[in-house]
J.: 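Please read through the structure below; I'll follow up with questions.
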Amino acid sequence: MIPKQLQQKARQERLGKIAENLIRSMPAAEMELDHRTPWELLIATILSAQCTDERVNRVTPALFRRYPTPADLGQASQRDVEEVIRSTGFFKSKAKNIIACGRAVEEKFHGKVPETMEELVGLPGVGRKTANVLLGNAFGKPAIVVDTHVKRVANRLGFTTSDDPTRIEQDLQRLLPPARWTAVSQRLLLHGRYVCTARRPQCERCPIYAHCTWKQKGPA
DNA sequence: ATCCCGAGGG
DNA sequence: CCCTCTGGAT
């Protein structure tokens, strides 16, 4: 075997070990499939852009009570929806998108959220990130969600050297078996949110500190 | 001040 | 590729 292949194999093994350690270190409760319906998860995910789940969870009950189905939301008034979701930020574009999304789901898919990447990203307000959340967490399909946390952590751990989300997704797909995609991307995301933070990473609490190559370059 | 579980539009 | 959209947390 030529050296380049050996090097590649060693890298893959190292990253595989990191992935397994991350999965082992996270509470099982964090990885359950989402209990919400695909429609509810879709709307909650669109609303979650640049905002925490807690704030989303504060507005969704009222939203779904008022507009239970995609058809209902599709006919809602812009101003009324804006008022309900105001505290999640970006409320004008989000209101416009989820109303249009309700109409699209109702008209193009008979009120049922589609289950393919292509159809999902065709919906208003749905990009690759949101589509992958649905595929992985609502439909149980292998999916890698790349948000700013995953982007940062995947770079720090050496899974990728790219800033482009689509490219990062491809790099992770190449490095990991599909059966691990959903679990690993969830762990990378949570790891980035709670431990490997942008500003002041909590290296003392890091479960994969021993495998980390970034800590040497990192702050203090 | 700066960042966050983004996406659409120019 | 860059800009904008928003409120809340830190």
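Convention: sequence-line order gives letters A, B, ...; per-chain numbering from 1. Nothing here was measured: the structure is a model prediction, and the numbers come from that model.
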J.: Measure the distance from OH on A/Y194 to C1' on B/dC3 and round it to the nearest whole Å.
T.: 16 Å
J.: For A/L176, does its backbone N or O pair with a side-chain atom of A/W181 as donor and acceptor, under 3.5 Å?
T.: yes
J.: Of the nucleotides B/dC4, B/dG8, C/dG7, which has the atom closest to the A/R152 side chain?
T.: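 Ranking B/dC4, B/dG8, C/dG7 by closest atom to the A/R152 side chain puts B/dC4 first.
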J.: A/R156: which residues meet the side chain to side chain donor-acceptor pair (under 3.5 Å) condition with it, sequence neighbours left out?
T.: none
J.: Without decimals, in angstroms, what is the distance between A/Q202 CD and C/dT10 P?
T.: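 After rounding, the reported distance stands at 13 Å.
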J.: Starting from P on C/dG8, measure out to CD on A/E54 and report it in whole angstrom.
T.: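 So the two atoms are 14 Å apart, to the nearest Å.
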J.: Starting at atom CZ of A/R58, determine the distance to atom C1' of C/dG7, rounded to an integer number of angstrom.
T.: 11 Å
J.: Tell me which nucleotide among C/dG8, B/dA7, C/dT6 gets nearest to the side chain of A/S87.
T.: C/dG8
J.: Check A/R86 with A/E83, please: is the shortest side-chain N to carboxylate O separation under 4.0 Å?
T.: yes
J.: Distance check, C1' atoms only: C/dG7 and B/dG9, in whole angstrom units.
T.: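 It comes out at 22 Å once rounded to the nearest Å.
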J.: Distance check, C1' atoms only: C/dA9 and B/dA7, in whole angstrom units.
T.: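 Nearest-Å result for C/dA9 against B/dA7 at atom C1': 23 Å.
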J.: Side chain of A/K92 only, heavy atoms from C-beta on: which candidate in C/dT6, B/dC4, B/dG9 is closest?
T.: C/dT6
J.: What pairs with A/R128 under salt bridge (charged side-chain N to carboxylate O under 4.0 Å, His left out), at least two apart in sequence or on another chain?
T.: A/E169
J.: Is there a side-chain polar atom (N or O) of A/R55 under 4.0 Å from OP1 or OP2 of C/dG7?
T.: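 Indeed not, no polar side-chain atom of A/R55 lies that close.
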J.: Send over the distance from A/I85 CD1 to C/dG8 P, rounded to a whole Å.
T.: 13 Å
J.: Rounded to the nearest angstrom, tell me the gap between atom CZ in A/R86 and atom P in C/dC5.
T.: 15 Å
J.: Which nucleotide in the list B/dC4, C/dC5, B/dA7 gets nearest to the side chain of A/A198?
T.: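 Out of B/dC4, C/dC5, B/dA7, the nucleotide with an atom closest to A/A198's side chain is B/dC4.
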J.: Quick one: which of C/dT6, B/dG9, B/dA7 gets closest to the side chain of A/F91?
T.: C/dT6
